[in-house]
Amino acid sequence: MVQNLLIKNAKLETGFSYINGHIVSTQTELFDVLITNGKVIEIGKSLQGSNIEILDAQEALLMPAFREMHIHVDKTYFSGPWKACKPITKGILTRIEEEEELLPAQLPTALYRAENMIQLLISQGHTHIRSHCNVDPQIGTKHIEITKEAFQKFEGQVTYDIVAFPQHGLLRSGVEPLIREAMKMGATLVGGLDPSVIDRDIDRSLHTTMDIAVEAGTGIDMHIHDPNTLGAFEFYQLAKLTKEANKVGQVTISHAMALGDLEGKELEALTATLADAQIDVTSTVPIGRTTIPIPYLYDNGVKVSLGHDSLTDHWSPFGTGNTVEKLNTFVERFKCIDEYSLSRCWKYASGGITPLNDVGMRVWPQVGDLANIVLLDAECSAHAVARRRPITHVISQGQLIFTNEELVGQEGQ
C-alpha cells in the first residue's frame, strides 16, 4: 500500500471575486498537496519528497470526494441485460410483490452485480457508500451476506454502511427476528419503511425499529414516502422516540417526501423539530414530484445528503451513479445559476465539505484532513456542476483508486 502521495499542479479554490459587491467568479491557484498515511500533511508550491508516488494533476480541480448516502447495491439490473420496469398497478405493493419472486431468482448474480455497481460508484468519485440491503421472508439475510462480501472486495477504497432494510414491511412481513439477526451479522444501521402505508401501525412500527437499534447500539435510516400531514406525523413521532432513546444525531429519514408538501408555519415547525433531534434527511432530488426544500432545510439546521437509490432495477430504469450530474439536477431544480449558489451545492454530496466557506475563505483542504479527493477537468466547483465536468482521478484515504487518463486536460465548456 502506498503510504505517500504527492499531487502536483492541482487547482485549488482560494476565494471569490467581486464586482459591485456581487460574487462573479471563483479564484483558483495551483498548489501541490502532500499526503502521508491517508492525511494531508502539506500544501504548498514546488513540494518535493523521496519514495513518494507523484500524481501530476495537470491543473485539474481538486475537490472533496463524494459520499453516496442512499443506494441499493444488493438488488439491481446493473451490468445485466436490459430490462425495463413493469407497470405499477398497486402502488408500492406492485414492487414488493414483484420482489417476492424476483430477488430469489437474482441471487446467483447478486454478488457480481453489487461488485460492479460499487466499482462504478468509485469511478464516479465516491469514497463512502451507504447501501440499503433487503431482509425479507423470501431471501432471509442472504443479501446481508452478499453485500458484506461485495464491500470487502473494496476494503481500503471505500468506507460503507449496510442498512438492514425490511423492504416488505417490518410488521407486514414479520421480519423483526431477521432484522435482529442481520444486525448481529454486521449490518450497521436499522432500516424501516412507511410505518403507516406499509406496516399499518405507526406506533408499533417505529417503537420496534427503535428497540432493535437500541439493542444493536446503532442508528436508524428509514424510508418514509408518506406524504403531507401523514408523513409529518410520522416524523414528529420518530423525533420524539429519537430523543427518548438517546439516539440524537443517529437517525436519518430517506426521501422524506412530506417535507415537499408542507409550507409556512407547518414546515417551519417540523424543520425545527428535526433539527432539534439532529435527524438528517437524504434525497434523490426527484423530478417526478415536488422536491423537498433542500436549501431551506440545510440553512435551518437539518443536514441533507444525496443518493442515487438505484442504477436501474425493477423500481426504476434510470440512475447513473454520477453525482456531478445529480448536483446539476439539484441546481436546476433550485434555480442556482450564479457563481455563489452554484459553488455552495457541493456540500450536499460531500458530507458538508466545500473548499470555500460562505465568506470565501479556503477551509479545505487543510493539513490534517483525511485525503478523500476527486480531481475534475473544471475551472472551479461552479463550473464543474453547471457543465457536468468529468472526474479524472479518485483518491481515497490517500490512495489513488481510480484514474481516467483520457480525460486529463480535456477541453470543453
**Asked** ring-ring contact (aromatic ring centres under 6.0 Å, His included) with H72: which of H132, H308, H143, H314?
**Response** H132
**Request:** Under the side chain to side chain donor-acceptor pair (under 3.5 Å) rule, collect the residues that match up with T282, sequence neighbours excluded.
**Result:** S305
**Item:** side chain to side chain contact (heavy atoms under 4.5 Å, CB included) involving E339 - partner list, sequence neighbours excluded
**Value:** I23, T26, C380, A382
**Request:** Taking atom types as modelled, find out whether Y160 and E155 have a side-chain donor-acceptor pair closer than 3.5 angstrom.
**Result:** yes
**Request:** Take R113 and T76 through the test side-chain hydrogen bond (donor to acceptor under 3.5 Å, both in side chains) and record every step on the way to the result.
**Result:** CA-CA 7 Å; R113 293 181 179 183; T76 181; over 6 Å; no
**Request:** Using a strict 4.0 Å threshold on nitrogen-to-oxygen distance, state whether R388 and E325 make a salt bridge.
**Result:** yes
**Prompt:** Should the pair E149-K153 be classified as a salt bridge under the 4.0 Å nitrogen-to-oxygen rule?
**Reply:** no
**Message:** Is the distance from the ring center of F66 to that of W346 below 6.0 Å?
**Reply:** yes
**Prompt:** Given the rule in the side-chain hydrogen bond (donor to acceptor under 3.5 Å, both in side chains) test, do S341 and D338 qualify, once you have shown the distances and angles that lead to the verdict?
**Reply:** CA-CA 6 Å; S341 62; D338 62 284; 2.7 Å; yes
**Request:** Compute whether any side-chain donor of one residue and acceptor of the other, for E13 and S381, lie under 3.5 angstrom apart.
**Result:** yes
**Message:** Using the rule given for side chain to side chain contact (heavy atoms under 4.5 Å, CB included), can you reason through L189 versus T252, listing the C-alpha separation, both sets of side-chain angles and the distance that settles it, and then say yes or no?
**Reply:** CA-CA 10 Å; L189 292 164; T252 298; over 6 Å; no
**Message:** Let's go through H255 and T284 carefully: what are the C-alpha distance in whole Å and the side-chain angles of both, what is the deciding distance for side-chain hydrogen bond (donor to acceptor under 3.5 Å, both in side chains) to 0.1 Å, and is it a yes or a no?
**Reply:** CA-CA 7 Å; H255 304 301; T284 62; 4.6 Å; no
**Asked** Any salt bridge between K265 and E268, counting N to O under 4.0 Å?
**Response** no
**Message:** Ring centres under 6.0 Å, that's the criterion: do F165 and H223 meet it?
**Reply:** yes
**Prompt:** Does the ring of Y298 carry K303 above it, NZ/CZ under 6.0 angstrom from centre and within 45° of its axis?
**Reply:** no
**Prompt:** For N134 and E99, does a side-chain donor sit closer than 3.5 Å to a side-chain acceptor?
**Reply:** yes
**Request:** Assess the side chains of T392 and D377: does a donor N or O sit below 3.5 Å from an acceptor N or O?
**Result:** no
**Asked** Which side chain to side chain donor-acceptor pair (under 3.5 Å) pairs, counting each pair once, include a residue from residues 233-242, with sequence neighbours left out?
**Response** none
**Item:** Polar contact flag, side-chain donor to acceptor under 3.5 angstrom, N4-T36
**Value:** yes
**Message:** Whether the H207 and D211 side chains hold a donor-acceptor pair (N or O, under 3.5 Å, no angle test) is what I'd like checked.
**Reply:** no
**Request:** Flag the pair K39 and D369 as a salt bridge only when some basic side-chain nitrogen lies within less than 4.0 angstrom of an acidic carboxylate oxygen.
**Result:** no
**Asked** Step by step, would you call K75 with Q167 a side-chain hydrogen bond (donor to acceptor under 3.5 Å, both in side chains)?
**Response** CA-CA 11 Å; K75 52 180 185 182; Q167 175 73 80; 2.7 Å; yes
